[in-house]
Amino acid sequence: MARPETRTTAHDLVSALLAPLTRKNCWSLAEHAGHRAPYRMQHLLNRARLDEQALAAALRGYVTTRLGRDDVVLVVDETGDVKKGTHTVGVARQYSGTAGRIENCQVAVYLAYTTSAGHALIDHRLYLPRTWTDDAARLAAVGVPDEISFATKPELAKEMIAAALDHTPTAWVAGDEVYGRNPDLRTFLQERRVGYVMAVAATDRLTTPRGPVALKELAVLLPDTAWQKLSAGAGAKGDRFYDWALIDDHADEVGVRWVLMRRNRTTGELAFYRCYACQPVPLARLVAVAGRRWRVEESFQQGKGLSGLDEHQVRTWTSWQRWSLLAMVAYAFVAVCRLAELRRHPVPEWLVALTCNEIARLLHALFASLPDVEHTLAWSVFRRSHQARARACHYRRQAARES
């Protein structure tokens with residue numbers, strides 16, 4: 001951000017993102033920040049001189065430095081935001097894991113940086129379906145750069161992981177089936193000698209002396225002694241205990257590969273993972289990495305709930321990139337504040353540890369400015385005058401169509 005005005009507006013936007021507003025868009029954020037109109041924030045998201053790649057690199061450096069570089073697991077996952085129109089960049093009818101079905105939505109791939117102490121989102125890529133990348137006019141209309149072409153979600157994940165490994169070369173990687181079933185991504189990680197625990201489908205087949213066998217069939221054949229009760233990490237209601245089993249211990253000059261199986265102790269539901277490490281590691285380590293994948297879900301929930309990650313009302317490529325980045329910055333700031341406070345003041349037994357939600361509430365309660373009557377009334381006039389102009393334009397268009 002070369003200009004001080006840009007830095008000031010970005011500061012105001014990030015601060016307002018953490019406020020408990022009913023809706024978060026340029027209008028509500030500008031009103032909360034004390035601006036007379038939303039134009040400064042709209043200018044920041046659309047036209048201001050801002051290097052998004054430099055901001056993303058600064059975010060990665062900030063998070064890796066403050067959360068630490070010990071016991072790092074990079075978790076990749078995607079999230080979808082349901083949309084109504086077709087003009088917003090990347091919007092198409094596609095599967096959304098958030099909705100659990102095919103929706104008209106926008107899907108982005110995110111990378112979470114997790115340690116045993118905390119987690120935050122450090123990178124993102126907007127997924128453009130082929131219906132977008134095959135339409136040059138549509139790409140130009142929303143300002144997608146010429147060098148952007150179609151890339152699958154695993155390919156987007158590969159870009160982000162490569163950038164993150166420059167800061168944390170000893171990190172592990174975790175992901176769901178979309179990424180675990182991609183052989184190119186797994187090969188890339190093995191070439192970098194990066195350990196991973198990535199989910200795969202129960203129908204995936206493993207080569208055995210008797211031929212290829214589905215993983216779910218192998219799980220049934222395992223004796224009870226092959227399963228071990230281990231915790232995948234702490235959840236909201238205590239440790240998440242599952243039964244775990246490890247098979248297909250294959251070692252060569254590249255490293256060691258396994259298939260990890262997880263069984264729910266109540267329902268018997270099975271899950272499967274492909275694992276790799278450059279040297280042998282105990283089962284407990286693979287289980288810990290597998291359990292860390294849930295942190296990205298918490299990051300999505302907190303990023304959307306605290307900093308408006310999913311509340312962007314923007315259509316263009318640049319605006320989406322900047323809104324998402326600044327929302328990630330806001331969420332990372334809260335995550336870092338939480339960790340710093342926990343390190344400075346150990347939690348007594350009669351209290352639960354500070355959460356990101358509580359940190360955000362405290363920031364608002366302690367540093368919120370008093371409401372200004374003239375400012376509030378001026379914004380009421382601005383909103384109603386803007387709505388009146390929009391209504392008049394709508395009526396004129398409607399009359400023109402009917403004439």
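Just so it is clear, the structure is predicted and the values come from calculations on it, not from any experiment.
- D71 has a carboxylate O that lies under 4.0 Å from a charged side-chain N of R285, or vice versa, which qualifies the two as a salt bridge.
- Considering all non-hydrogen atoms of both residues, E52 and R322 come closest at OE2-NE, 2.6 Å.
- Put simply, the side chain of T65 reaches to within 4.5 Å of the side chain of R69, judged on heavy atoms.
- Shown here for G305 and K24, the closest heavy-atom pair between the two residues is O-NZ, 4.3 Å.
- Inter-residue side-chain proximity for R125 and M160 is flagged as met; some heavy-atom pair is nearer than 4.5 Å.
- The closest side-chain heavy-atom distance from L286 to Y273 is not below 4.5 Å.
- Under a 4.0 Å N-O distance rule, the pair E298/R295 qualifies as a salt bridge.
- Screening Y95, Y110, Y179 against E78 for a side chain to side chain contact (heavy atoms under 4.5 Å, CB included) leaves a single residue, Y179.
- Between L128 and L139 the shortest heavy-atom distance is CD1-CD2, 4.3 Å.
- Looking at W320, W323, F300 one by one, the single match for ring pair (Phe, Tyr, Trp, His ring centres under 6.0 Å) with H124 turns out to be W320.
- Residue L260 comes nearest to C275 through the heavy atom pair CB-SG, 3.6 Å, listed as atom of the first residue, atom of the second, then distance.
- In this structure, M328 and D123 approach most closely via the heavy-atom pair CE-N, 3.3 Å.
- Under the 4.5 Å side-chain criterion, counting only non-hydrogen atoms from C-beta, R49 is not in contact with T6.
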Donor-acceptor contacts, no H, no angles, side chain residues 329-336, under 3.5 Å, sequence neighbours left out:
residue : atom : partner : partner atom : Å
Y331    : OH   : H119    : ND1          : 3.4
Y331    : OH   : Q302    : OE1          : 2.7

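- K304 has its side chain within reach of D81: a pair of non-hydrogen atoms, C-beta onward, lies under 4.5 Å apart.
- Comment: E341 does not engage R343 in a salt bridge, judged by the lack of any side-chain N to carboxylate O separation of less than 4.0 angstrom.
- In this structure the side chain of V173 never reaches within 4.5 angstrom of the side chain of V73, judged on heavy atoms.
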Hey, can you pull the donor-acceptor pairs under 3.5 Å for the side chains in residues 28-35, sequence neighbours left out?
residue : atom : partner : partner atom : Å
S28     : OG   : R23     : O            : 2.7
S28     : OG   : N25     : N            : 2.9
S28     : OG   : N25     : O            : 3.2
S28     : OG   : N25     : OD1          : 3.4
E31     : OE1  : R383    : NH1          : 2.8
H35     : NE2  : D12     : OD2          : 2.9

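- Side chains of Y113 and L74 form a contact here, defined as non-hydrogen atoms less than 4.5 Å apart.
- Using cut-offs of 30° and 60° for the angle between ring planes, the H386 and F382 rings count as tilted.
- Classification of K229 and D243 as a salt-bridged pair fails, no side-chain N sitting under 4.0 Å from a carboxylate O.
- Using modelled atom types, one finds a donor on one side chain and an acceptor on the other under 3.5 Å when comparing R384 with S380.
- Put simply, CG on L156 and OH on Y127 are 8.5 Å apart, with the number rounded to the nearest 0.5 Å.
- Two residues are said to be in side-chain contact when any heavy atoms from C-beta on lie closer than 4.5 Å; V254 and Y276 meet this criterion.
- Closest approach of A353 and L342 over heavy atoms only: CB-CD2, 4.1 Å.
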